[in-house]
Each structure stands twice: as C-alpha cells, then as structure tokens.
Amino acid sequence: MLLLGFTSAVLLLCLFFIIRLYIVVKTGANCKPGSKGRVTVLVVAGSGGHTTEVLHLLQCMSAAYTPRHYVLADTDRMSEEKICTFESLKQQSDSQFTICRIPRSREVHQSWSSSVVSTLDALCYSLPLVFRLRPDMVLCNGPGTCIPLCVAGLLLGILGIKKVLIVYAESICRVQTLSLTGKILYPVSDYFFVQWSSLRDKYPKSIFLGRMV
C-alpha cells in the first residue's frame, strides 16, 4: 500500500507538471514584451559566433529591454569583452547590465553520457540564478548553456511564480536543419525565429523574418 501510494503521488506530480507546462507554453504567445514598460532580459551568450549574433539582435531592440543580465559559461573567455564593448557603445544613461557565469552544459566533442551530468550541474547553478533575477524573457540563440537556463525559466511559470518568455533565434548557419539546442527548445519556446525560409517550411511554429544578423 505504501508503495502504491508513493507511486500514485509521483504520477500525480508528473501530471501536474505536464499540465502546467502545457499551460505555460500555450499562454506565451499572448505576451507582448516591451508593450508595458521595461523588460528584464536574461541573455545567453556563447563562445564562437553565438555572442556576436545575439548582440546584433540586441542592437535592434528598443531601450525598453533593460536591465540585461548576460549569462556566460565559466570557460568562455571571449564573450565578456564583446559584451562590455557593446554596452559601452550603446551610450544610454539608464543602461543597466550584469554578467553572470554558470558551468558549461557541454563542451565541444564531449560525450553524450557525460553531457547529462554536466547539464545537471549547470542546472543547479541556473535555478538559483534565474529565481533571483526573475527575468521577463530569456533570449538565446543556440549555445548549450541556454538549456538549463530555459528549464529554470519554465519552472518559474510551472510553479506559478512568474511567466518567463522563452525567445529563441536559430543561428544563421542553420539552413536545412535545426541545431540540437533548437530541436530541444522548439516545442517549449514562446517565440522561435529562423533565418531561412527552408526552416520555416519544416517547422510551422517558427517565425521567419529574413536575415536578423
């Protein structure tokens, strides 16, 4: 009986999370960021061209998207300098930004089995960070670091604390297929942008606005 009760409780809890996740994802499209004052943005930066692309996106966004909280992998040595340069060029008197670091979810050529462990480790750092910042929106474009951060943002909504918009912009390098991160976040993103019409045809939920970067 004890085992049956425990199993039933676990199943009910899983059902609750699934229903809440469905509600959180479905209501996201009704949210229009920037239409009602400032929008706190958690920006996920990544090594390589990810940071450059996401900064190009921010350059096109209005001054309402502030403060901006950048999150980098702890092994990323280049993105911080790019971010500081970008923010200094914005020349906004009310510009506010912070830079935070979490463990990288997956290194290049890292095995899938060890990636699970490293992603869980990154999630342990992401949860308290996102719960403290409570952003209105998570903006990301592909680095694996964004997975635990998006999970933490979704959890805020599932628990009824705050709806956090998940905005994903697929890299311009992805022409025919989505990246692994894109495939994972496609079902749960509130806004999913692609830069090639061929992807829009394959993924009907995606939004094609042409070249964004």
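Being a predicted model, the structure only gives us computed values, none of them experimental.
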> Evaluate Arg104 against Thr75 for side chain to side chain donor-acceptor pair (under 3.5 Å), listing each step before the verdict.
CA-CA 7 Å; Arg104 188 182 292 273; Thr75 56; 2.8 Å; yes
> Apply side chain to side chain contact (heavy atoms under 4.5 Å, CB included) to the pair Leu154 and Val188, showing each step before the final yes or no.
CA-CA 8 Å; Leu154 287 169; Val188 297; 4.0 Å; yes
> Please tell me if the side chains of Val175 and Leu199 come closer than 4.5 Å, counting only heavy atoms from C-beta onward.
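Heavy-atom side-chain distance check fails, nothing below 4.5 Å.
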> Are the side chain of Glu170 and the backbone N or O of Ser179 linked by a donor-acceptor pair below 3.5 Å?
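Between the backbone of Ser179 and the side chain of Glu170 there is a qualifying donor-acceptor contact (under 3.5 Å).
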> Once you round to the nearest 0.5 Å, how far does OG1 of Thr98 lie from NE2 of His69?
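That separation rounds to 4.5 Å.
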> Is any side-chain heavy atom of Leu42 closer than 4.5 Å to a side-chain heavy atom of Val130?
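Yes, close enough: below the 4.5 Å cut-off.
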> Any side-chain heavy atom of Cys146 within less than 4.5 Å of one from Leu185?
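Side chain of Cys146 against side chain of Leu185, heavy atoms only: contact under 4.5 Å found.
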> List the atom of Ser171, the atom of Glu53, and the distance in Å for their closest heavy-atom pair.
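So the two residues come closest at OG-OE2, 3.2 Å.
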> Donor-acceptor pair, distance only, cut-off 3.5 Å: does the side chain of Ser88 make one with the backbone of Thr85?
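Yes: the side chain of Ser88 pairs with the backbone of Thr85.
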> With a 4.5 Å cut-off on side-chain heavy-atom distances among I, L, V, M, F, W and Y, is there a chain of contacts connecting Leu209 to Leu57?
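Yes.
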> So Val194 and Ile207, side chain to side chain contact (heavy atoms under 4.5 Å, CB included) or not? Walk me through it.
CA-CA 6 Å; Val194 295; Ile207 303 169; over 6 Å; no
> Hydrophobic clustering (ILVMFWY, side-chain heavy atoms < 4.5 Å, transitive) - are Ile184 and Ile18 grouped together?
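Per the 4.5 Å side-chain linkage, Ile18 and Ile184 are not co-clustered.
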> Would you call Val54 and Cys140 a side-chain contact if the rule is heavy atoms closer than 4.5 Å?
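Of all side-chain heavy-atom pairs linking Cys140 with Val54, none is under 4.5 Å.
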> Pairing donors with acceptors under 3.5 angstrom, does anything connect the side chains of Tyr191 and Ser206?
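Judged by distance alone, the side chains do not pair up.
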> So Phe193 and Asn141, side chain to side chain contact (heavy atoms under 4.5 Å, CB included) or not? Walk me through it.
CA-CA 9 Å; Phe193 296 100; Asn141 68 333; over 6 Å; no
> Mind listing the closest non-hydrogen atom pair of Tyr168 and Ser189 along with its distance?
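Closest heavy-atom pair between Tyr168 and Ser189: CB-OG, 3.8 Å.
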> With a 4.5 Å heavy-atom cut-off, do Leu165 and Val138 have their side chains touching?
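They are not in contact (no side-chain heavy atoms under 4.5 Å apart), so the answer is no.
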> With a 4.5 Å limit on heavy-atom distance, are the side chains of Ile172 and Trp196 in contact?
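When only atoms from C-beta onward are counted, Trp196 and Ile172 do touch, with a gap below 4.5 Å.
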> Are any of the side-chain heavy atoms of Met137 and Asp190 separated by less than 4.5 Å?
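They are not in contact (no side-chain heavy atoms under 4.5 Å apart), so the answer is no.
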> With sequence neighbours excluded, give me every side chain to side chain donor-acceptor pair (under 3.5 Å) pair touching residues 122-139.
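Found Asp136-Lys162.
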> Hey, what do you get for NZ (Lys202) to OG1 (Thr177), rounding to the nearest 0.5 Å?
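These two atoms lie 6.5 Å from each other.
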> Identify the residue among Ile102, Leu127, Val43 that makes a side-chain contact (heavy atoms from CB on, under 4.5 Å) with Leu149.
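It is Ile102, the one option of Ile102, Leu127, Val43 that forms the side-chain contact (heavy atoms from CB on, under 4.5 Å) with Leu149.
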> Check whether Lys205 reaches the backbone of Tyr186 with its side chain - one donor and one acceptor, N or O, closer than 3.5 Å.
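Yes.
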> Only counting residues at least two apart or in another chain, list the ones meeting side chain to side chain donor-acceptor pair (under 3.5 Å) with Arg101.
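Side chain to side chain donor-acceptor pair (under 3.5 Å) list for Arg101, sorted by chain: Glu80.
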> Atom CZ of Arg68 and atom CZ of Phe97: how far apart are they, to the nearest 0.5 Å?
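One finds 8.5 Å between CZ of Arg68 and CZ of Phe97.
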> Are Phe192 and Tyr203 close enough that their ring centres sit under 6.0 Å apart?
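Not close enough - the centres of the two rings lie 6.0 Å or further apart.
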> Under 3.5 Å, is there a donor-acceptor pair between the side chain of Thr181 and the main chain of Gly142?
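Judged by distance alone, yes, a pair lies under 3.5 Å.
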> When rounded to the nearest 0.5 angstrom, what distance separates CG in Leu89 from CD in Gln59?
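With rounding to 0.5 Å, CG (Leu89) is 8.5 Å from CD (Gln59).
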> Taking side chain as C-beta onward, heavy atoms only, is Leu58 less than 4.5 Å from Tyr70?
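Side-chain contact under 4.5 Å: yes.
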> Looking at Ser118, Pro148, Pro103, which one forms a side-chain contact (heavy atoms from CB on, under 4.5 Å) with Leu123?
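Of the listed options, the one satisfying the test is Pro148.
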> Measuring from atom OG1 of Thr145 to atom NE2 of His50, what distance do you get when rounded to the nearest 0.5 angstrom?
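These two atoms lie 9.0 Å from each other.
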> Within this structure, what is the CD1-OG distance for the pair Ile99 and Ser79, rounded to the nearest 0.5 Å?
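Going from the CD1 atom of Ile99 to the OG atom of Ser79 covers 9.0 Å.
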> Apply ring-ring contact (aromatic ring centres under 6.0 Å, His included) to Phe131 and list each qualifying residue two or more places apart in sequence or on a separate chain.
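Residues passing ring-ring contact (aromatic ring centres under 6.0 Å, His included) with Phe131: none at all.
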> Taking Thr51 as the fixed residue, which of His56, Lys82, Met78 is the one that meets the side-chain contact (heavy atoms from CB on, under 4.5 Å) rule?
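The side-chain contact (heavy atoms from CB on, under 4.5 Å) with Thr51 is passed solely by Lys82 among His56, Lys82, Met78.
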